[in-house]
> 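One structure follows; several queries about it will come next.
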Protein chains: 2
Amino acid sequence: MKKNLTIASPSADSVVDAAGKDTSPSQTVRAQLQLRELVLSGELPAGVRIAELSIVERLGMSRTPIRAALVQLEQEGLLVALAHGGYAVASFSEREIADAIELRGCLEGLLARLAAERGAAPVVMNEARAALREIDELLRRPMLTDETFPIYVDANERFHARLAEMADSDVIARQLERVNRLPFASPSAFVIAQSSSADSRDMLVVAQSQHWQVLDAIDRRESGRAEAIMREHSRIAQRNLRAAVNDHHGHAALEHPPGVQLIRRR
Amino acid sequence: MKKNLTIASPSADSVVDAAGKDTSPSQTVRAQLQLRELVLSGELPAGVRIAELSIVERLGMSRTPIRAALVQLEQEGLLVALAHGGYAVASFSEREIADAIELRGCLEGLLARLAAERGAAPVVMNEARAALREIDELLRRPMLTDETFPIYVDANERFHARLAEMADSDVIARQLERVNRLPFASPSAFVIAQSSSADSRDMLVVAQSQHWQVLDAIDRRESGRAEAIMREHSRIAQRNLRAAVNDHHGHAALEHPPGVQLIRRR
DNA sequence: TAGGACATTGATGTATACAAAATAAGGCTG
DNA sequence: CAGCCTTATTTTGTATACATCAATGTCCTA
């Protein structure tokens, strides 16, 4: 019987963190990341049972870490537990996605309000401003290209992450993270879908205005205003959702954001 | 080597559901419930590592279902993952609990608003009204006793559960459930702590008024009002939290709601 | 005596063997 | 020929053995 099966699978999994040292994630973490990728990329069809063994041979590890990953993804809402054991990929109606976005707006609004009431740490505020200045820079050009778009997405996510820090509330920030892990609910989910759209830049300009305004509101301790802005901010995503779904249903071969096939068409 | 260790532990675990048939939950489910109980009852000290083997011998099952339960409770926020593997019982500052309550208010407010905007199913509305009439009945008496209090708690939780159904949004309801699982965040968590207080009945009268008002608002499709009421409603819990913490710090032998020892004293 | 290196112990992470249950298939009977 | 019961196979649930990593304690040396 062969031992030492712990040797890493040939696929390049070793991760190098910011400090440069090689932090090789545990099998469980790898399983979680790769399985999530498998779900979002649509390789696993929604609704049908996921055979553990098929994942085992696909990811090249034992059942134990894979089961752990299944449990976690079920908790995240990406999988649904089946009646007599096992899991299936979840699918979402257009309204469920809209609800998830509304939920994010609600939570970000709460965080913005608390930040305004409690006062945000200057360091975090500056990091947020730095992210916004990057976006300002990008928006100076008449249109965003395939190279500049990833930069926008990155800066946008950094801004939203800092905003979540400002209220200094781990409990709420944690919940927001959960919501953001739902497909389509995260801040820049539908930005991608709209990248090719003609007036996509205008949408980003509006969003960016709200970004600056909410920082201003937090600075001035105008908590009600801060909350209202973030709520309204999420409604841009609502608009993009509708546009993306229509595009998706129309011409099939459009550039998809990860996870479109999880949308349950009526 | 002895096989068939699957035989259930002597502790009475078999559950009979509403239909009357004996649904014996899986080891994993049992592990989750019992471990949660162990955490909330304070048998496991907060902050120190939970040795898996100690749980194994306590619950009389193998490591596998226990590890699954640990993963789930970590996701719930009751446990924290330690740096180099393993878990510890989480502890909460008074502010974290306050944040959790605020979060619940926010989510219940969102659900109430959506219910008002979309219209709630008449059946659910009637069930909610039925729960409120039970509370009305209880409040007719000058004071609540040890027998009537559990009835109040039950009716109160039923009302809140129905309210969560009214918006017909699984995504949001699910998130609210998660929050309610946090210690002290659930609707009737601090009602218990205040049961002996002299003006506890008055507090319940106020809460009950808000209960009826939110149903009225949903009925009239006044979504903004519905949301505002539920937000304010959660602030009764905030008040009770402060009172309970003071009581707890004062005389130690007071009647505790489950999980007081998870409050991190400064 | 103090500090460091090594060894030992005990923990978790991982793999796999085993058992039970559910599903699918096949045969039998009405 | 259809429906049901029985059987076989596949799949998940559970237990346990093994490996690896961290922490602690001891011994040796400067």
Side-chain angles (χ1 to χ4, degrees), chain A residues 1-11 13-15 21-35 44-45 47-74 79-89, chain B residues 1-9 11 13-15 21-35 44-45 47-75 79-89:
Chain A
M1 222 139 284
K2 60 194 173 196
K3 297 293 162 53
N4 259 18
L5 286 177
T6 319
I7 41 161
S9 61
S11 57
D13 282 330
S14 72
V15 174
K21 66 176 178 182
D22 188 355
T23 60
S24 80
S26 68
Q27 295 286 66
T28 305
V29 173
R30 269 206 290 261
Q32 200 190 316
L33 294 175
Q34 295 188 20
L35 190 54
L44 301 173
V48 307
R49 172 188 239 106
I50 300 174
E52 284 181 7
L53 290 179
S54 72
I55 306 296
V56 164
E57 63 181 31
R58 255 207 234 218
L59 301 190
M61 56 185 78
S62 87
R63 282 180 59 205
T64 308
I66 283 168
R67 299 203 87 220
L70 287 169
V71 170
Q72 292 211 234
L73 292 190
E74 194 271 339
L79 304 179
V80 290
L82 264 40
H84 290 294
Y87 300 91
V89 173
Chain B
M1 223 140 285
K2 60 192 174 201
K3 296 294 161 55
N4 260 19
L5 285 177
T6 320
I7 42 160
S9 60
S11 56
D13 281 328
S14 72
V15 174
K21 65 176 179 182
D22 188 355
T23 60
S24 80
S26 68
Q27 295 285 65
T28 305
V29 173
R30 269 206 291 263
Q32 200 191 317
L33 294 175
Q34 294 188 19
L35 191 54
L44 300 173
V48 307
R49 171 190 237 104
I50 300 175
E52 283 181 8
L53 291 179
S54 72
I55 306 297
V56 164
E57 63 181 31
R58 255 207 234 218
L59 302 190
M61 56 186 76
S62 85
R63 283 179 59 203
T64 308
I66 283 168
R67 299 204 87 221
L70 287 169
V71 170
Q72 292 211 232
L73 292 191
E74 194 271 340
Q75 292 282 317
L79 303 180
V80 290
L82 264 39
H84 291 294
Y87 300 91
V89 173

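Scope of the values below: all heavy atoms of this structure, side chains included, with no hydrogens, waters or symmetry mates. Chain naming here is simple, since letters A, B, ... match the order of the sequence lines and numbering starts at 1 in each.
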> If you measure from CG on B:Leu59 to CG on B:Leu33, what distance do you get to the nearest 0.5 Å?
11.0 Å
> With sequence neighbours excluded, tell me which residues meet side-chain contact (heavy atoms from CB on, under 4.5 Å) with A:Thr28.
A:Ser26, A:Pro65, A:Ala68
> For nucleotides 6-12 of chain D, give me every protein contact, N/O to N/O, under 3.5 Å, one pair per line with atom names.
residue: D:dT12; atom: OP1; partner: A:Ile50; partner atom: O; Å: 3.0
residue: D:dT12; atom: OP1; partner: A:Glu52; partner atom: N; Å: 3.3
residue: D:dT12; atom: OP2; partner: A:Glu52; partner atom: N; Å: 3.3

> Under 4.0 Å between a side-chain N/O of B:Thr64 and OP1 or OP2 of D:dT16, yes or no?
no
> When the side chains of residues 47-57 of chain B are checked against the rest of the protein, which donor-acceptor pairs come out under 3.5 Å, sequence neighbours left out?
residue: B:Arg49; atom: NH2; partner: B:Gly85; partner atom: O; Å: 2.6
residue: B:Glu52; atom: OE1; partner: B:Arg63; partner atom: NE; Å: 2.8
residue: B:Glu52; atom: OE1; partner: B:Arg63; partner atom: NH2; Å: 2.9
residue: B:Glu52; atom: OE2; partner: B:Arg67; partner atom: NE; Å: 2.8
residue: B:Ser54; atom: OG; partner: B:Ala51; partner atom: O; Å: 2.7

> Please give, in whole Å, the distance from C:dA15 C1' to A:Leu59 CG?
15 Å
> Work out which heavy atom in B:Leu35 is nearest to a heavy atom in B:Leu44; give both atom names and the distance.
CD1-CD1, 4.2 Å
> For B:Ile66 and D:dT14, what is the distance between atoms CD1 and P respectively, to the nearest whole Å?
11 Å
> Taking only N and O in the side chain of B:Ser62, is any of them less than 4.0 Å away from OP1 or OP2 of D:dA15?
yes
> For B:Gln72, what residues pass the side-chain contact (heavy atoms from CB on, under 4.5 Å) criterion, not counting sequence neighbours?
A:Val71, A:Gln75, B:Gln32
> Whole angstroms only, please: what is the CD-P distance between B:Gln27 and D:dT16?
11 Å
> May I have the distance from B:Glu74 (atom CD) to C:dT12 (atom C1'), rounded to whole angstrom?
15 Å
